[in-house]
Each structure stands twice: as C-alpha cells, then as structure tokens.
Protein chains: 2
Amino acid sequence: MVHPQVEELSLPKVLAALADPARLATVRMLAQVGESACGQIQHDAGLEVSKSTMSHHVRILREAGITHSRVQGARRLLTLRRDDLDARFPGLLDAVLRPELAETR
Amino acid sequence: MVHPQVEELSLPKVLAALADPARLATVRMLAQVGESACGQIQHDAGLEVSKSTMSHHVRILREAGITHSRVQGARRLLTLRRDDLDARFPGLLDAVLRPELAETR
DNA sequence: CCCGTAGTTCGACAATCATCAAACAGTTCG
DNA sequence: CGAACTGTTTGATGATTGTCGAACTACGGG
C-alpha cells in the first residue's frame, strides 16, 4: 500500500486529488471525524458511488499523500495526513476545509 | 469572453485549474509581475508549449475565475483575480503561491 | 495596403479519468 | 465450515484532458 513520504508530495498531484467533489467530501468528512472507514465515510458523506469507485477515490487520495490508511480487521481506517500536509503546503488544507465552502460543487 | 462572478466560483474547478504545472507556473508568474500578456508569460515562465496550448490553459484559468483578461490592441493582458479569490477562498491562493513551492512539479 | 505580431478556433489524437459490475480476498461471527 | 461484511482488482466504457498544427481573426507599423 503506497504512502508517499512528505518530501515526495507534489502540489499539482495534491490539487488534482482535491479537485473532485467526492474526494473533497471525503477529506472534509475525515477532518470532522478524525478516523473512519471507507464505507462509513461513503455513507456519512452521502456519496452515491459504487464501492469500486470509492476504492478508486481513496487510492487517489492516499497516493497523493493526503490520507493515511491502516488496516484494522476487515476495514481500512483512513486519517488525514494533516501534519504532513501542513508541513509541506502550509495553509492549503485549512483553506480547502473552511466550513463556509461546505458545498463542494 | 467568459469571466465568472465571485459567487459563481467553484472550489473543485479552481483546484482543477491549478492542478496543472503549466497553469500553476502561469499563476505564479502573474503573482510576480502583476499584469502580462500570454506570450510574455509563456516566455518568462519558460513554458515550452505551442501557442494554441497556451491559449487553452489561459482559457481554463479565466473560466475558473482565477485570472482576468483584458484586450489591449492585439494582446490579451492577464491579471490574477486576487481579491475575488481571497474573498471566496481565503488563504487558498497564498498557500499555493508560497515561494518555497516554486518547483511546480 | 501588406506584413509581422498576438491569440483564438478547429479538428485530431493519445492519455488519463470517473464510473460500473463482476470476480476476488480477507475478516468476523454464528 | 459457511455466510455476511469490507474492501481491492480487473476489465470495460464513455467523458474529459493536454497537446499539436493549420487555418483564421484582429491589431499595428512601415
């Protein structure tokens, strides 16, 4: 399971990963709840996509370095890599997560 | 020539527009020089793309609401819509323009 | 009036992307 | 064991994207 290191994070890649409504909603949900499983996020955020699509989005986020996945039993628990993102791109995550931007369209 | 209004700016669209190295370099150049023409930017930023490709990128930036274009003779002068972006997405532009992120890869 | 400069528009093309269903794999629990 | 649950992988498909060259439009200077 690929988890890029902090120094490897690419700004265009991170921006591209965030530039999708479903992924933005996922990130927003993670910012709220801290740690959660794919299916749970999908449900809580009201994402109407198939599980394979959700799996795809989660992978994009992970490979961009935005989230971290750990395996716990049958579930994959995701967390935001807040510290790493803040270290590499200060202010970016905060800007994107501002509550008044909640409509992710 | 399409110039979306502030309230119409969409976060995913803005992020998608910024998620391309050539466009990011364009925005960065505009932040430095203030106002400049497409060809000038392309030259100054060392962008090795055809003029039709450059025209395409400029259009994406404009339609995302990131830049403003005005016609002056045969040239199109671009400016960053700093105030509008700051009003709608506070901190986003600052985060993306941080000098230590200069390598736009 | 013609020529050079500055961009746009129009296909075209290859690459990437978001999406899905189906099959698969690992976990948990009865 | 076997069923239910969680998520990944694998094609497949249609849409979008970045790129180009060529043709076109518009302005400015000799």
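FYI, side chains are in, hydrogens and waters are out, and symmetry mates aren't considered; it's all heavy atoms of this structure. Chain naming here is simple, since letters A, B, ... match the order of the sequence lines and numbering starts at 1 in each.
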- Message: I'd like the 5' and 3' limits of the part of DNA chain D contacted by chain A, with heavy-atom contacts below 4.0 Å.
- Response: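 Listing 5' to 3', DNA chain D meets chain A from D/dT6 to D/dT9.
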Gap between atom [atom2] of [Y] and atom [atom1] of [X] - 0.5 Å precision:
| X | Y | atom1 | atom2 | answer |
| --- | --- | --- | --- | --- |
| B/S36 | B/L80 | OG | CG | 11.5 Å |
| B/R62 | B/L78 | CZ | CG | 8.5 Å |
| A/T67 | A/L77 | OG1 | CG | 12.0 Å |
| A/M54 | A/T26 | CE | OG1 | 4.0 Å |

Measure from [atom1] on [X] to [atom2] on [N] and round the result to the nearest Å.
| X | N | atom1 | atom2 | result |
| --- | --- | --- | --- | --- |
| B/L78 | C/dA6 | CG | P | 14 Å |
| A/R76 | C/dT28 | CZ | P | 11 Å |
| B/I60 | C/dT9 | CD1 | P | 12 Å |

- Query: Taking for each residue the nucleotide of DNA chain C with the nearest heavy atom, is it A/G73 or A/H57 whose nucleotide lies nearer the 5' end?
  - Reply: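 Taking each residue's closest nucleotide, the earlier one in sequence belongs to A/H57.
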- Query: If you look at every strand shown and take non-hydrogen atoms under 4.0 Å, does A/A37 touch a base, only sugar-phosphate, or nothing?
  - Reply: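 Sugar-phosphate contact only - A/A37 comes under 4.0 Å of backbone atoms but never of a base.
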- Task: May I ask you to verify if any side-chain N or O of A/R75 is less than 4.0 angstrom from the OP1 or OP2 atom of C/dG26?
- Result: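 Indeed not, no polar side-chain atom of A/R75 lies that close.
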- Donor-acceptor pair, A/E63 side chain versus A/H3 backbone, under 3.5 Å?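 Such a contact is absent between A/E63 side chain and A/H3 backbone.
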- Are any side-chain N or O atoms of B/Q40 and backbone N or O atoms of B/A37, one a donor and one an acceptor, separated by less than 3.5 Å?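 No; zero donor-acceptor contacts below 3.5 Å.
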- Message: At a heavy-atom distance below 4.0 Å, what parts of residues 42-52 of chain A sit against DNA chain D?
- Response: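 Result for residues 42-52 of chain A: A/K51, A/S52, sorted by number.
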- Message: For a 4.5 angstrom cut-off between non-hydrogen side-chain atoms, does B/L24 reach B/D20?
- Response: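 Answer no - side chains too far apart.
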Table please: side-chain donor-acceptor pairs of residues 83-95 of chain A below 3.5 Å, with sequence neighbours left out.
{"from": "A/D84", "atom 1": "OD2", "to": "A/R81", "atom 2": "NE", "distance (Å)": "3.1"}
{"from": "A/D84", "atom 1": "OD2", "to": "A/R81", "atom 2": "NH2", "distance (Å)": "2.9"}
{"from": "A/R88", "atom 1": "NE", "to": "A/V6", "atom 2": "O", "distance (Å)": "3.2"}
{"from": "A/R88", "atom 1": "NE", "to": "A/L9", "atom 2": "O", "distance (Å)": "3.3"}
{"from": "A/R88", "atom 1": "NH2", "to": "A/L9", "atom 2": "O", "distance (Å)": "3.0"}

